[in-house]
Structure formats: C-alpha cells, structure tokens
Amino acid sequence: TNTYFGFPSADTYKVVTAGQDALTIDSNQFAKFEALVSIEDGTNPNGSGTSSGVNSGGTLTVEGRRDGTANLLCLRARDNTGPTVALPDGQGGLIRWQGFDGTDFAQMGAIAVNADGQAVANGDSPSKMIFYTVPDGTETLTPALTLDKSQIATFSGGIIQSMSNPYTKMEDTSSGGDTYGLNNNQ
C-alpha cells in the first residue's frame, strides 16, 4: 500500500502516508517533517478546520490532554560549552518572533527566561523573564520589561495609562499594607 513505516537505511526511521514521506528520523536523531502536520487554515478555532498547505499560512495548534494543567510545550536550555554542568547565571531559553521585510526575516520581539543571580541548582532555579521589543529603525532586541526572581517588574520605558479606564491601583498585599491610586481625571 501507499501508507507505511519502515527503515529505509541503517539507523533511519521513515513514515510514509498517501505515498509521500511524512516523517524521517535519522541516525543523528534529527526529525524532518515533510508535511505541515497540525497546521490549520484558521477557519475553525476548535481545530477542525481544513489542513493547510505550505503556502496558505496557517496556525500551529498544540493540544495537550490530561487531568489538571497540560504541559503543552517544554523548552530546555543547556550551556553549550558545558552541557553536563548546571546552567549558569544569565543563560536560559529564548522564544523569538521575526517578520519578513521583503528580503529576509527581521527581528520583531522575543521573550527570554534566564537564570537570575546564580547557576541553576538541584531544587533551586531562580529565574527572570525578559520581554524584548525592537525600536523603530533597528533590528536590535531591546529589553522592555523584566520580571525578576522576586516578581519585581522593571519597565525600561514609561508606563502609559489608557484613558478608557483612567484609574490605576497599586496595593501592598503584606500585612498592614497600604493601597495607592492614580486617577487621571483629577
């Protein structure tokens, strides 16, 4: 038949559907997907839309099912110069967004999660999350917001408040803490 799996060469595994290669895993443990599996055309947000082709620009849907919170995506980081030692301070994982500028793909933004203040240790991995944007006229990822291991938010620029809801509340949630408000209408 035209759908099968097998071993076309030493240490290589292949899945074929409808006579076309769908997945190949080689001896270096590289997985090559020949088709855009789980790409939907976006017409049905419940995941039952028609499968998209390479040129139709779809949405990648990752669905996890289990009782409780599903672990949909796990990103892991190791230090390249010492892959058997703990991840050092300041290193971690990065998710990057890029947009096509007519010639190549330009940086648009990123989110990094890095070790904060020390190397990751068994049972102790303080981290910080950095949100990057790109200023006009550049392709340089620039920190816009950092959330550190103490859950302190540091904004690199100013904070602009929407006039549709002009009240901002800041509350100290510790015992006996105070509440502060800023109201743009006064």
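Residue numbers run from 1 in the order of the sequence given.
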| field | Single-linkage hydrophobic cluster, 4.5 Å side-chain cutoff, L87 and L94 together | value | no

| message | In this structure, would W97 and F131 fall into the same cluster of hydrophobic residues linked by side-chain contacts under 4.5 Å? | response | yes

| For T103, side chain to side chain donor-acceptor pair (under 3.5 Å) partners two or more places apart | none

| task | For residues 116-130, pull every pair meeting side-chain hydrogen bond (donor to acceptor under 3.5 Å, both in side chains), keeping only residues two or more places apart or in separate chains. | result | Q118-D124

| task | Please report the closest heavy-atom contact between A86 and A119, naming both atoms and the distance. | result | CB-CB, 4.4 Å

| query | Would you find a donor on one side and an acceptor on the other, under 3.5 Å apart, between the side chain of N114 and the backbone of G92? | reply | yes

| message | Tell me whether L147 shares a hydrophobic cluster with F155, the cluster being built from Ile, Leu, Val, Met, Phe, Trp, Tyr side chains joined at under 4.5 Å. | response | yes

| Atom of D89, atom of G117 and distance for their closest heavy-atom approach | OD1-N, 2.7 Å

| remark: Hits for side chain to side chain contact (heavy atoms under 4.5 Å, CB included) against T138, two or more places apart or cross-chain, chain-then-number order -> V134, P135, T140

| note | Tracing side-chain contacts under 4.5 Å among Ile, Leu, Val, Met, Phe, Trp and Tyr outward from F105 reaches F100

| Backbone N or O of T12 within a donor-acceptor pair of the D26 side chain at under 3.5 Å? | no

| Under the 4.5 Å side-chain heavy-atom rule for ILVMFWY, direct or indirect, which residues accompany V16? | Y4

| query | Hey, any chance I130 and I111 share a hydrophobic cluster, counting ILVMFWY side chains that come within less than 4.5 Å of each other, even indirectly? | reply | no

| For S150 and D148, which heavy atoms make the closest approach, and how far apart are they? | N-OD1, 2.8 Å

| note | side chain to side chain donor-acceptor pair (under 3.5 Å) filter on D101, not counting sequence neighbours, yields none

| field | Heavy-atom pair of closest approach, residues M108 and Q98 | value | SD-C, 3.6 Å

| request: Mark yes or no for whether T3, through its side chain, and A18, through its backbone, hold a donor-acceptor pair below 3.5 Å. | output: yes

| request: Over all heavy atoms of both residues, which pair between A153 and L145 is shortest? Give the atoms and the distance, please. | output: CB-CD1, 4.0 Å

| message | Please determine whether residues M129 and Y132 belong to a single hydrophobic cluster, defined as Ile, Leu, Val, Met, Phe, Trp and Tyr linked transitively by side-chain heavy-atom distances below 4.5 Å. | response | no

